[in-house]
Amino acid sequence: MATGLHAPILDWYAENARDLPWRRPGAGPWAILVSEIMLQQTPVVRVLPVWTEWMERWPTPAALAAEPPGEAVRHWGRLGYPRRALNLHACARAITAEHAGQVPSSYEELRRLPGIGDYTAAAVASFAFGRSHAVLDTNVRRVLARAVRGEEYPPKATTTAERRLAESLLPALDAPRWAVAVMELGALVCTARTPRCADCPVAAACAWRLAGRPAYEGPERRGQTYAGTDRQCRGRLLAVLRDAHGAVPKAALDAVWDDAVQRERALDGLVADGLAEVVDEGAYRLPT
DNA sequence: TAGGCGTGGAC
DNA sequence: TGTCCAAGCCT
């Protein structure tokens with residue numbers, strides 16, 4: 001089914017792939033794993049400088065594992081979702097302790113590491129180890145929804161039908177290249193907001209375009225406000241801890257958020273998540 | 001399974 | 001301007 005997609009997309013990728021450092025031949029499994037975690041819900045342009053600094057600072061899992069988790073959080077900077085920094089640090093320690101310092105190569109072993117779900121396990125197994133897996137990220141899901149199903153957007157949660165479709169499209173040869181090519185097409189051409197169908201190598205076969213690009217009809221796509229949320233408050237508090245070295249008096253945290261009830265709740269949440277540590281009654285710091 | 005979890009750029 | 005979105009994961 002839909003095997004006519006392969007050649008045009010692979011040819012397009014050969015001409016249009018971005019030169020990203022984690023795609024270069026020299027990039028090892030650790031470099032690829034770090035990039036995949038950083039890229040979760042985060043644009044490439046923002047990942048690039050942080051990834052580069054991380055790889056210089058911690059070129060191996062053992063190097064990161066030797067540091068306190070707070071250093072991972074500090075050097076995460078403003079990438080967002082800082083639990084990922086903690087996850088990566090825990091990955092480094094697990095890889096060092098249980099895998100002799102080598103990133104495991106199988107989907108199943110990768111999947112057991114903290115912060116590595118279906119997508120990331122499949123991506124690392126594919127891109128770092130050449131394994132054949134259906135790599136279903138938001139880009140791939142959108143491309144398949146449009147080209148094959150004729151709908152503007154995929155369902156909110158990945159369905160078994162989507163997975164079966166993706167698996168049916170796995171090529172016998174070089175599945176990793178196919179995976180990265182479809183992802184790249186989704187990232188550069190078959191974009192969420194304003195798809196560039198004029199530049200698409202499979203426009204002639206795209207079910208959605210052929211149907212006249214009908215508008216999405218599924219359930220409401222939630223758009224969460226950010227200003228005033230606990231998330232914003234947590235971000236402000238953690239920024240203070242990151243930018244200070246060592247313990248921060250609570251007064252310095254109080255200064256960045258007015259609502260005391262929400263501030264306490266957010267701070268408790270950071271501590272519960274392991275992103276912050278209580279030094280004594282009056283101070284906090286990144287985890288040691 | 002729906003909702004929580006950061007941040008900033010694009011339109 | 002506010003809304004939407006970016007290589008998800010976890011509970």
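Naming: A, B, ... by sequence-line order, numbering from 1 per chain.
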Chemist: Whether the A:Thr158 and A:Arg163 side chains hold a donor-acceptor pair (N or O, under 3.5 Å, no angle test) is what I'd like checked.
Modeler: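 Looking only at side-chain atoms, A:Arg163 and A:Thr158 do not form any donor-acceptor pair under 3.5 Å.
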
Chemist: With no hydrogens and no angle check, just 3.5 Å: does a side-chain donor-acceptor pair link A:Asn139 and A:Arg142?
Modeler: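 Checked: A:Asn139/A:Arg142 side chains pair up, N/O donor to acceptor below 3.5 Å.
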
Chemist: Is a side-chain donor-acceptor pair under 3.5 Å present for A:His89 with A:Glu67?
Modeler: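 On atom types as modelled, these side chains do not qualify, holding no pair under 3.5 Å.
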
Chemist: Given atom CG of A:Leu144 and atom C1' of C:dA7, what is their separation to the nearest angstrom?
Modeler: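 For the pair A:Leu144 CG and C:dA7 C1', the rounded distance is 15 Å.
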
Chemist: Side chain of A:Arg78 only, heavy atoms from C-beta on: which candidate in B:dG6, C:dC5, B:dT7 is closest?
Modeler: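 Closest nucleotide among those given: B:dT7.
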
Chemist: Write down the distance between CG (A:Asp230) and P (B:dG3), rounded to a whole number of angstrom.
Modeler: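 Spelled out: CG on A:Asp230 to P on B:dG3 is 16 Å.
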
Chemist: If a pair satisfies ring pair (Phe, Tyr, Trp, His ring centres under 6.0 Å) and one of its residues is in residues 33-54 of chain A, list it, with sequence neighbours excluded.
Modeler: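 Applying ring pair (Phe, Tyr, Trp, His ring centres under 6.0 Å) to every pair that reaches into residues 33-54 of chain A, excluding sequence neighbours, yields A:Trp22-A:Trp51, A:Trp54-A:Trp58, A:Trp54-A:Trp76.
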
Chemist: Answer yes if the side chains of A:Arg112 and A:Tyr107 hold a donor-acceptor pair under 3.5 Å, and no otherwise.
Modeler: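 Side-chain D/A pair, A:Arg112 to A:Tyr107: absent.
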
Chemist: Using the P atom in both, what is the distance from B:dG6 to C:dT1, to the nearest Å?
Modeler: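 The answer is 27 Å between these two P atoms.
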
Chemist: A:Pro104 versus A:Ile95: any side-chain heavy-atom pair under 4.5 Å?
Modeler: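 A side-chain contact exists here, since the closest heavy-atom pair is under 4.5 Å.
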
Chemist: Please report the distance, rounded to the nearest Å, between CG in A:Asp273 and C1' in B:dG6.
Modeler: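 In whole Å, B:dG6 C1' lies 13 Å from A:Asp273 CG.
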
Chemist: What's the closest nucleotide to the A:Arg142 side chain, out of C:dA7, B:dG6, C:dT3?
Modeler: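 The answer is C:dA7.
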
Chemist: Do any pairs count as a ring pair (Phe, Tyr, Trp, His ring centres under 6.0 Å) and have a residue in residues 178-197 of chain A, sequence neighbours left out, and if so which ones?
Modeler: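 For residues 178-197 of chain A: A:His6-A:Trp178.
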
Chemist: Quick one: A:Leu39 CG to C:dA7 C1', roughly how many Å, whole number?
Modeler: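 So the two atoms are 5 Å apart, to the nearest Å.
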
Chemist: Using whole Å, report how far NE2 of A:His133 lies from C1' of C:dA7.
Modeler: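 Value for this atom pair: 17 Å.
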
Chemist: Taking only N/O atoms, report every protein-nucleotides 9-11 of chain C pair under 3.5 Å with atom names and distance.
Modeler:
residue: C:dC9; atom: OP1; partner: A:Gly117; partner atom: N; Å: 2.8
residue: C:dC9; atom: OP1; partner: A:Thr120; partner atom: N; Å: 3.0
residue: C:dC9; atom: OP1; partner: A:Thr120; partner atom: OG1; Å: 2.7
residue: C:dC9; atom: OP2; partner: A:Tyr119; partner atom: N; Å: 3.4
residue: C:dC10; atom: OP1; partner: A:Gly115; partner atom: N; Å: 2.8

Chemist: Would you say CG of A:Asp243 has more than 12 non-hydrogen atoms from neighbouring residues, nucleotides or ligands within 6.0 angstrom?
Modeler: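 Count over threshold, so yes.
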
Chemist: Any base atoms under 4.0 Å from A:Arg18, or only sugar-phosphate, or nothing? Heavy atoms, all strands.
Modeler: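 If one applies the 4.0 Å heavy-atom cut-off, A:Arg18 turns out to touch a base.
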
Chemist: Select base, sugar-phosphate, or nothing to describe what A:Trp76 touches, counting heavy atoms under 4.0 Å on all strands.
Modeler: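 Touches nothing.
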
Chemist: Starting at atom CG of A:Leu275, determine the distance to atom C1' of B:dG4, rounded to an integer number of angstrom.
Modeler: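 So the two atoms are 13 Å apart, to the nearest Å.
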
Chemist: Can a donor-acceptor pair under 3.5 Å be found between the side-chain atoms of A:Arg231 and the base atoms of B:dG4?
Modeler: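 Side chain to base: no pair present.
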
Chemist: From the list C:dT3, C:dA7, B:dG6, which nucleotide is the closest neighbour of the side chain of A:Arg46?
Modeler: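 Looking only at side-chain atoms, A:Arg46 lies closest to B:dG6.
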
Chemist: Between B:dA2 atom C1' and A:Lys156 atom NZ, what is the distance in whole Å?
Modeler: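 Roughly 8 Å, once rounded to whole Å.
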
Chemist: Name the residue closer to the 5' end of DNA chain B, choosing between A:Arg193 and A:Arg234 according to the nucleotide with the nearest heavy atom.
Modeler: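 Closest to the 5' end, via its nearest nucleotide, is A:Arg234.
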
Chemist: Taking atom types as they are modelled, would you say the side chain of A:Thr42 forms a donor-acceptor pair with the base of B:dG6 within the 3.5 Å cutoff?
Modeler: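 Between B:dG6 and A:Thr42, which were checked side chain against base, a qualifying N/O pair under 3.5 Å is present.
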
Chemist: Could you tell me how far apart A:Asn139 (CG) and C:dA6 (P) are, to the nearest whole angstrom?
Modeler: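 Between P of C:dA6 and CG of A:Asn139: 7 Å.
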
Chemist: Within the 4.0 Å heavy-atom criterion, would you say A:Thr191 contacts the bases, only the backbone, or no part of the nucleic acid?
Modeler: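 The answer is nothing, as A:Thr191 stays clear of every strand by at least 4.0 Å.
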
Chemist: For the P atoms, the ones on C:dC9 and on B:dG8, what distance do you get once it is rounded to whole angstrom?
Modeler: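 It comes out at 23 Å once rounded to the nearest Å.
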
Chemist: Give A:Leu20 one of three labels, base, sugar-phosphate or nothing, depending on what nucleic acid heavy atoms sit under 4.0 Å from its own.
Modeler: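 Base contact.
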
Chemist: Using the P atoms only, state how far B:dC5 lies from C:dA7, rounded to an integer number of Å.
Modeler: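 Nearest-Å result for C:dA7 against B:dC5 at atom P: 23 Å.
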
Chemist: Judged by each residue's nearest nucleotide on DNA chain B, which is more toward the 5′ side, A:Arg84 or A:Thr194?
Modeler: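 In this pair, the answer is A:Arg84.
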
Chemist: OP1 or OP2 of C:dG2 sitting under 4.0 Å from any side-chain N/O of A:Tyr226?
Modeler: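 No, no such contact exists.
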
